[in-house]
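Sequence positions, counted from 1, serve as the residue numbers for this chain.
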Amino acid sequence: MDIYIPPPPPLTCSVCVCVCVCVLAHCRYALGMEDGRIRDQDITASSHWYQTTGPQYARFNREDGDGAWCPEGQLEPTDSQYLQVDLGRLTFMTVVGTQGRFARNSGNEFARAYRLNYSRDGVTWKTWKNRLGSTVMEGNRNAYTSVINDLHPPIVTRYVRLIPVTRVSTTVCMRVELYGCQWDDGLISYDAPEGQLMMRPGYLIASLNDSTYDGTHERRRLSGGLGQLTDGVVGLDDFLRSRQYHVWPGYDYLGWRNDSAGTQGSVEMEFSFERQKNFTSMKVHSNNMFSRGVKIFSSVTCWFKPRLTAGWGAEPVVFKTVLDDRNPSARYVTVPLNQQTATSIRCRFTFADVWMMFSEISFQSGKTNTNKQTNTQTSVHLSSNVITLVFLLCPSVHPSASAPPDDGKTPVLIGCLVTIILLLVLIIFFILWCQYVCKVLEKVRNPAANQSNLQRLTCVCLCPLACGGGYAEPDVTQCTPHQCFHSDAPHYAETDIVRLQGVTGSNMYAVPALTVDSLTRKDISAAEFPRQQLIFREKLGEGQFGEVHLCEAEGLPEFLGEGSPLPERDGRAVLVAVKQLRADLNGNDFLKEIKIMSRLNDANIIRLLCVCVTSDPLCMVTEYMENGDLHMFLSQREMESTLTHANNIPSVSLSDLLHMSVQISSGMAYLASLNFVHRDLASRNCLLDRRLTIKIADFGMSRNLYSSDYYRIQGRAVLPIRWMAWESILLGKFTTASDVWAFGVTLWEIFTLCKEQPYSLLSDQQVIQNTGEFFRNQGRQIFLYAPPLCPPSLFELMMRCWSRDLPDRPTFEGLFQALRPHVHQ
C-alpha cells in the first residue's frame, strides 16, 4: 500500500516501466470531495449519527461539522451501512483515499476496512474485487493519516458506495476522496463470447478469460458489463507474459480459438453506450504473435443502432486489415467508423489464424452534427417570434379563434400569410449570409502592433446566432445585435489550411521560395522507371487523392546506376514506397510534389528515386525503410536495463534517443536551409532503415494506424493539431518556427518512448482551446509534462521550442548544435 499524493498539473508520472503505469498515473485526479466540486446533495448515506456527522461532512482533509460522516450507532460485523457519492457522470475511477474523524484532536473514530460497491445507472450495483478476487480493502489505522488504495482493476462508474467493514462492534467515521478522470468513451457495456483456454495435451498454456468482467456470464457469453478490455492495461507482445504480478499466463488478453464452438471463423461483440454518439473510429489492441498461431483480425464488419428501440442499420462499415507476417508485436488497429451515429455497435471480427486476442478496445467520437438542429431551432424560434408579431399586427387572425373567418376577413388572412412567408424567406437568407461571412471573414492585422498581436474583426454581429458558427472556442460568440467590435479571440484558419494535405492525403511540403505553378510532365527531372517492373506487395496507406503502396522494383539499382542511394541488398529484392495518384484527378499538384521532392538530397530526408508519369496513374517512387516508423519502433521497446538484457526485451538507451534527436534536427535544418516547411513533423513521419538511420518523410497522414492523431475540420482537412503551433491552428501560419514547435513535441514523443499521445488527457477540442490560451498569453496555457527519461537541459530546450512568440524559438541549426554534444556523453 502506498501513500499517494495526487500530482498537480502539468502531470509527471513515475519511471514508465510499462504502458499501463503511465496510463493509470494520468488518471489519478481528485474528483471533488475535498474541493467541493461534488455537491452536498450528491453525497448521501444509509444513516448518520447526528446532523453534524451527516454525509456532507465526509470530505477529505476537511473538518466541517463534527469532522466526518459517522453512521448511526455501533457498527456490527453484519451491518451494511454505506456512504454514497454521485459523481454526476461516468468516471474512470482508479484510486480511493480515506481518513477517520480527527476533529482537531477531539475524535478518534475510523474504519479499519471497507468494501466498495458501484453502479453505472444507480439501479444495478456491483461489488468491486481486486484481481485476486478479494472484495475488502484495508482502511485506516488512526483518525488522521490518509490511506490511499489503488483500484486494480479500475472501474467505470457514476455512483460509488463505501461500506465500512468491522470484525467487532465499534464506532466508525470516514472522510473520503475519490480519484480518476472522466470516461469520455461513453461505453457502458460490451457483450462477447467467453474467453477460452489454450491447451496442449496434458497441460494448460494460457487462460484467456475476462477475469474482471462485472456483467453476467451465462451460456458461454459475457453480457451487460465491462472488464479487461476497458481497464487501461495494454497486453505485451508475448501474451504468456503479464503486466500484473501473481496472475496466470494469458491474463491480459481476452482470446478465442477459431474452430471452437460459437467462434467458427469470426467473433461477434456488441458495445452499448450511455448516449448517442458520432463515432469516428474504434481502436483495438490485438496480439500478433503469429509463431503461436495468433494474428490480428483479418477484417471487421460493424453495424450501428441509432437508438435503443431501433433496429440495426442495413449498411455496415467493413474494414480489411493489412496483415503483418514480419513483425510479431502486439499493436493497436484503428478501424474507421465513418462518422456513424449510434447508441450501440455490433462488430464481427474475422479470424486470420488459429487464435485472436484483444487486450483493449476504445472508441473515438466527434460531436454529433447539430448544425441542422441548431438552424432548425433558430428558425423555429425566429418563426415563432414572427408569427407572434403577425398576430399582433393582425388581431383578427388569432390562434384561439375557433370559428372560420367570414368573407370580410379572408383578404386580411391571405395578406398575413404572405407576409409571414416573405419574412421567413428573408430571415433564412439573412442567416445563411451571416454564416457565410463568418466563415470567410479574413483576419485583420493591427499595423501598430507587432506580428504576434493579431486580432480578428468579428463584424457580422447583426446575426449573433450565426456568428457563433465555425469558431474554435465557445467564448467567441460575444457579439450583440447592435454592435461590431474587434475581438482578440482566436478562430480556426480553415480557409488557410485546407491545403495542408498533399496529393495522396499526406502532407505536402510548403516551399515559399519555389515557383511550381505551371508544370508539365516534361518538366520533371526525375528518371522515368518502367511501370511493369514495379511488383505490388501491399498497400501501406491511402488518402483522399491516392494511395501509398509497398512494391518490389526489379532492376532498380542498375536503372539508377553508379551513386545509387539504395543500400546493399545482399541479393534480395529492392523494396520501394510508391505514391500513386488517383487516375481521375488532375495531375498538376502531383507534378509539383515531384518537383519539390526531386530537390531534396540529404542523409536524413527520404529520397525520391524515380517516377512513372508518362501514363496514368501518375506515380513517384521513394525509398522504403524496413524498420518502419519511429513511433512504432520506440513504442515496442523499453529503456535499456539489466532486466531488459536478462529477458532479451527489445530496448534502447538514452544515447540512442539523443542520436535519433540529432538526426531529426539535422534533417530539419537541411529543409530549413531551403526554406522548406514540413508542416507534419512527428515520430510517425520519421522512418528508420536497417542501420537505424532516420529519414524524415510524410506518409503518416495516409495511414489508418495514425488516423486518431489527426483532427478533421468540417469533413475537409485533417490536421495534426497535437503537434501544431498555436499560430498554425488559429491563424493558418506555417513557418520554420512552427516546424520547431512540432520538433519539440517529437522530442517529447521520443523521450516517452511513444507510449502516449501528446496531451492525452485533453480532447481535440480542449487542445484547440489550449492554443487559444497561448494566443491570449495570460499564463493559463498547458504545456506537456517533462518525460521522466528526459534530462532537464533537454526539457528546457523543448520548452523553448514551445515559446509563444516566434522569435523566441530556436532555429533548427541551433537545435542541432545544442543536441550534438550530448550524443557521446
Side-chain angles (χ1 to χ4, degrees), residues 18-24 27 90-95 116 118 120 126-135 150-157 180-181 183 185-198 204-218 220-257 263 267-273 282-289 294 296-297 330-333 345 347 349 355-363:
C18 62
V19 175
C20 62
V21 173
C22 259
V23 170
L24 295 181
C27 202
L90 285 181
T91 302
F92 188 69
M93 202 172 86
T94 58
V95 178
L116 189 70
Y118 63 97
R120 289 187 271 276
K126 309 168 189 290
T127 299
W128 178 86
K129 57 183 178 181
N130 67 16
R131 298 190 187 278
L132 300 179
S134 175
T135 61
D150 287 87
L151 300 183
H152 296 301
I155 57 176
V156 175
T157 186
C181 54
W183 180 243
D185 223 24
L187 184 66
I188 55 175
S189 70
Y190 59 80
D191 299 359
E194 67 176 1
Q196 297 170 348
L197 303 177
M198 180 179 283
L204 174 69
I205 299 176
S207 178
L208 300 163
N209 62 318
D210 195 335
S211 61
T212 64
Y213 193 75
D214 61 11
T216 59
H217 187 176
E218 296 178 350
R220 297 187 175 180
R221 189 163 184 89
L222 310 174
S223 60
L226 298 174
Q228 287 180 250
L229 297 185
T230 55
D231 65 358
V233 179
V234 177
L236 296 169
D237 295 342
D238 184 352
F239 63 88
L240 297 179
R241 297 173 57 223
S242 175
R243 298 190 186 276
Q244 315 302 317
Y245 295 106
H246 308 299
V247 293
W248 53 88
Y251 179 87
D252 288 346
Y253 283 94
L254 176 59
W256 309 271
R257 185 180 175 89
T263 58
V267 167
E268 192 165 282
M269 303 182 69
E270 186 172 325
F271 305 90
S272 299
F273 299 83
M282 171 177 64
K283 295 180 71 172
V284 183
H285 190 266
S286 182
N287 195 274
N288 195 50
M289 199 174 182
V294 186
I296 59 177
F297 51 92
R331 78 277 314 266
Y332 272 106
V333 179
I345 301 176
C347 291
F349 299 89
W355 285 90
M356 182 165 58
M357 301 178 188
F358 300 156
S359 70
E360 284 291 299
I361 297 181
S362 63
F363 293 84

Checking Met289 against Met357 for the side-chain contact (heavy atoms from CB on, under 4.5 Å) test, could you report, in this order, the C-alpha distance in whole Å, the side-chain angles of both residues, the deciding distance, and whether it holds? CA-CA 10 Å; Met289 199 174 182; Met357 301 178 188; over 6 Å; no

Which heavy-atom pair separates Phe271 from Tyr190 by the least distance, and what is that distance? CD2-CB, 3.6 Å

For Lys126, does the NZ atom sit with more than 12 other heavy atoms under 6.0 Å from it, leaving out its own atoms? yes

Describe, in one word, how the ring planes of Phe92 and Trp183 are oriented to each other, choosing from parallel (under 30°), tilted (30 to 60°) and perpendicular (over 60°). parallel

Can you find a heavy atom in the side chain of Phe273 that is under 4.5 Å from one in the side chain of Phe363? yes

Mark yes or no for whether Tyr253, through its side chain, and Ser286, through its backbone, hold a donor-acceptor pair below 3.5 Å. no

Would the distance check show the side chain of Tyr118 and the main-chain N or O of Trp128 forming a donor-acceptor pair, the cut-off being under 3.5 Å? no

Is Asp150 close to Val95 at the side-chain level, that is, under 4.5 Å between some pair of heavy atoms? yes

Between Leu208, Leu204, Leu240, Asn209, which is the residue that forms a side chain to side chain contact (heavy atoms under 4.5 Å, CB included) with Trp248? Asn209

Heavy-atom check, side chain of Glu360 versus side chain of Tyr332, under 4.5 Å: yes

Pairwise side-chain contact, Asp214 with Ile155, heavy-atom cut-off 4.5 Å (strictly under): no

Could you tell me whether the side chain of Tyr251 and the main chain of Ser207 form a donor-acceptor pair under 3.5 Å? no

From CA spacing to verdict: side-chain contact (heavy atoms from CB on, under 4.5 Å), Asn287, Trp355: CA-CA 9 Å; Asn287 195 274; Trp355 285 90; over 6 Å; no

With a 4.5 Å heavy-atom cut-off, do Leu151 and Leu116 have their side chains touching? yes

Would you indicate whether the side-chain heavy atoms of Phe358 and Val267 approach each other to under 4.5 Å? no

Is there a donor-acceptor contact under 3.5 Å from the side chain of Asp210 to the main chain of Gln228? yes

Determine the minimum heavy-atom distance between Ala330 and Gly235, stating which atoms define it. CB-O, 4.4 Å

Candidates Arg221, Glu268, Met269 - the one meeting side chain to side chain contact (heavy atoms under 4.5 Å, CB included) with Asp191: Arg221

Ignoring hydrogens and geometry, is there a side-chain-to-backbone donor-acceptor pair from Thr212 to Pro153 under 3.5 Å? no

